[in-house]
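As structure tokens, the structure follows; a few thoughts come after it.
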Amino acid sequence: MAILPIRTWGDPVLRQRSRPVERIARVHRRLIKDMIDTMRDAPGVGLAAPQVGVSERIFVWEYEGEASAVINPTVVSLTGESIDDEEGCLSIPGIYYPVARSETARIEGTDVDGDPLLLEGTGFLARILQHETDHLDGVLFLDRLAPEHRREALARLREEALGLPPRAMPADRPNGLMDRETL
Ligand code: NI
């Protein structure tokens with residue numbers, strides 16, 4: 001079991017567009033295993049390769065007790081209502097805000113053996129798939145916040161970078177100290 005260091009906000013790798021995996025090698029199988037260990041240890045329910053400093057199109061997630069991985073995922077369709085729900089990111093610890101995501105996501109990619117994988121998720125699984133695919137394009141959930149939430153989140157991150165004590169989250173939202181599922 002190897003726990004990899006998780007890159008956090010400000011690290012340029014989180015803003016890069018990751019490159020496709022051209023040939024799945026042993027190093028990728030090892031990476032996926034380590035990413036699953038790292039995600040579970042964090043703890044979180046989703047982790048994309050750039051979050052551990054690898055700019056390649058791979059992510060892992062855990063849903064209903066089962067961990068999975070996809071390589072070279074592309075979004076085939078986003079359908080259903082747009083749903084606002086709290087989201088957090090292992091690369092932006094302690095920051096949680098509502099993000100609008102499509103109710104259903106269909107993603108195509110391959111599994112670790114290179115076999116085609118078609119994933120369809122609704123609700124929270126759809127949210128995970130959208131959040132992780134975003135990571136591979138250098139997009140963070142902060143980019144998808146309502147303007148007032150984005151301003152507040154960035155102010156918090158700046159304060160944190162200056163070493164100021166963390167402000168409590170507003171009373172209408174949980175304070176980041178509760179058990180929650182982070183992506
Ligand atoms: Ni994330």
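Just follow the structure's listing: the first ligand is 1, and inside any ligand the first atom is 1.
- Side-chain atoms of Glu103 and Thr122 include no donor-acceptor pair closer than 3.5 Å.
- Residues Leu164 make up the rest of the hydrophobic cluster containing Leu162, defined by ILVMFWY side-chain heavy atoms closer than 4.5 Å, directly or through other members.
- Taking a 4.5 Å side-chain heavy-atom cut-off between Ile, Leu, Val, Met, Phe, Trp and Tyr, the cluster of Ile36 extends to Leu4, Ile6, Val21, Ile24, Leu31, Ile32, Met35, Met39, Leu47, Val52, Val54, Ile58, Val60, Ile71, Leu90, Val112.
- Residues that satisfy the side-chain contact (heavy atoms from CB on, under 4.5 Å) test with Asp85, not counting sequence neighbours, are Arg127.
- Between Arg15 and Asp137, no side-chain nitrogen of the basic residue sits less than 4.0 Å from a carboxylate oxygen of the acidic one, so the salt-bridge criterion is not met.
- For the Ni ion (ligand 1), the tally of protein N/O/S atoms lying closer than 2.8 Å stands at 4.
- Between atom CZ of residue Arg156 and atom NE2 of residue His149 there is a gap of 10.0 Å, rounded to the nearest 0.5 Å.
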